[in-house]
Amino acid sequence: MYLRTALCAASALALTAGAAMAQSTLTIATVNNGDMIRMQGYTGDFTEKTGIAVEWVTLEENVLRSRVTTDITTKGGQFDIMTIGMYETPIWGANGWLVPLDDLSAEYDAADILPAMAGGLSHEGTLYAAPFYGESSMIMYRTDLMEKAGMEMPDAPTWEFVREAAAAMTDRDADINGICLRGKAGWGEGGAFITAMSNSFGARWFDMEWNAQFDTEAWANTLNFYKGMMDESGPAGYATNGFNENLSLFNQGKCGMWIDATVAASFVTGDDSTVADSVGFALAPDTGLGKRSNWLWAWALAVPAGTQQEAEAKQFIEWATSKDYIELVAENEGWANVPPGARTSLYENPEYQKVPFAQKTLDSILSADPTDSTVEPSPYVGIQFAAIPEFAGIATEVSQEFSAAYAGQQSVEDALAKAQAITNEAMEAAGYR
């Protein structure tokens with residue numbers, strides 16, 4: 001049973017007491033997902049130990065990305081710590097916008113960070129952000145509804161199986177959708193999902209000369225399959241659903257399957273889920289072309305260059321991403337609720353190995369290769385994104401066109417034609433073509 005209410009109250013008291021003796025206050029921008037909100041409930045532990053107070057700015061994913069990008073590029077100085085990911089970190093580190101994290105304490109044990117996470121959060125071998133948690137993506141599904149449909153989920157299913165199972169589990173009269181997927185505009189929301197999915201259909205964003213590839217059969221197959229399946233078996237308004245909306249639907253018992261971040265596994269099996277006792281896990285689907293549709297990501301904490309509280313910020317990062325923090329959460333909320341995917345030692349821990357989704361999460365993370373994410377060769381690193389500075393702006397526009405097609409405001413063909421034009425024009429303006 002979660003101790004969230006008690007913990008939040010205790011943390012608030014500790015924070016108040018700590019603030020009175022605080023030497024400084026850190027301002028931290030973060031995303032409004034469950035693990036980051038849980039961390040805020042334990043902030044009093046950090047303040048009590050260090051005398052450093054913390055002020056949180058908690059934002060929806062798309063808003064967070066916009067706010068921190070504007071602040072870092074304009075040297076606004078609003079934040080002492082930013083929550084960013086694998087897309088921003090290497091680019092911002094190369095630009096000198098982040099403080100290197102190459103002097104963390106020996107006790108912190110940076111070598112324990114999973115290589116996939118450390119690699120994605122580094123530039124030229126230097127770590128610029130520490131992972132609070134790491135993730136891939138996988139299928140979370142209702143075992144009871146799958147059984148009722150007379151089907152059995154394979155460990156590594158195809159997209160055709162997923163579509164068939166979604167149709168079989170859909171029950172409109174009971175308000176059960178066979179499948180829930182991201183359709184929300186935003187390069188890191190629906191844009192991330194459809195890009196990872198497209199890899200498994202043989203699509204890519206660019207050819208080796210940086211020409212857009214949205215006029216290909218592979219992209220048409222991806223979008224037509226996605227829209228067809230979601231129109232058949234998805235929830236109403238899926239074009240505006242992102243991670244949090246789909247999490248809510250699943251936990252209310254309104255989704256047969258949900259393909260999304262592995263980090264969601266603790267939420268769909270936790271106290272807030274009405275279906276916690278009937279959730280299974282499988283690898284993200286493929287189409288037999290050699291690439292699955294899972295991504296690789298970390299929500300990580302970074303220190304913007306120019307902060308006046310660099311030492312204090314590093315203290316917080318060491319606390320929040322440490323082995324001790326994992327133990328703190330495990331002690332109070334159980335091993336299933338610790339931040340996953342960041343440290344090798346977590347997956348070697350016998351207690352964590354008992355968590356039903358632990359091995360599937362690790363398998364998904366280890367199977368994701370940002371340097372080889374597409375069937376045909378591509379010039380970029382990244383799975384659900386292309387690691388170039390221009391990508392976020394381009395992909396946000398493209399995802400808006402895709403969401404409009406999902407909502408029936410334009411055809412898939414028109415959306416792809418606009419995506420092709422948007423991308424090529426932006427790449428020409430940036431000097432790639």
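Identified under the disulfide bond (SG atoms under 2.5 Å apart) test for residues 108-181, with sequence neighbours left out: Cys180-Cys255. Legend: disulfide bond (SG atoms under 2.5 Å apart) pairs involving residues 349-403, not counting sequence neighbours: none detected. Residue pairs meeting the disulfide bond (SG atoms under 2.5 Å apart) criterion with at least one member in residues 107-175: none, sequence neighbours excluded.
In summary, Lys323 and Glu327 do not engage in a salt bridge, as defined by a charged side-chain N under 4.0 Å from a carboxylate O. Ion pair Asp35/Arg38 flagged as a salt bridge, since at least one NZ, NE, NH1 or NH2 atom sits closer than 4.0 Å to an Asp/Glu carboxylate oxygen. A salt bridge links Arg182 with Glu189: at least one charged nitrogen is closer than 4.0 Å to a carboxylate oxygen.
Counting heavy atoms from C-beta on, the side chains of Thr262 and Ser136 come closer than 4.5 Å. The closest side-chain heavy-atom distance from Phe281 to Gln359 is not below 4.5 Å.
In this structure, a donor-acceptor pair under 3.5 Å is absent between the side chains of Tyr432 and Glu209. Side chain to side chain, Trp187 and Gln384 fail the donor-acceptor criterion of an N or O pair below 3.5 Å.
Both the sub-6.0 Å distance and the 45° axial angle are satisfied by Arg163 relative to the ring of Phe225.
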Under 3.5 Å, side-chain donor or acceptor atoms of residues 117-132 against the rest of the protein: list the pairs with distances, not counting sequence neighbours.
unit_1, atom_1, unit_2, atom_2, d
Ser122, OG, Ala118, O, 2.6

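Legend: residues meeting side chain to side chain contact (heavy atoms under 4.5 Å, CB included) with Thr344, ordered by chain and number and at least two apart, are Asp112, Leu114, Pro115, Glu348. With sequence neighbours excluded, the residues forming a salt bridge (charged side-chain N to carboxylate O under 4.0 Å, His left out) with Asp103 are Lys314, listed by chain and number.
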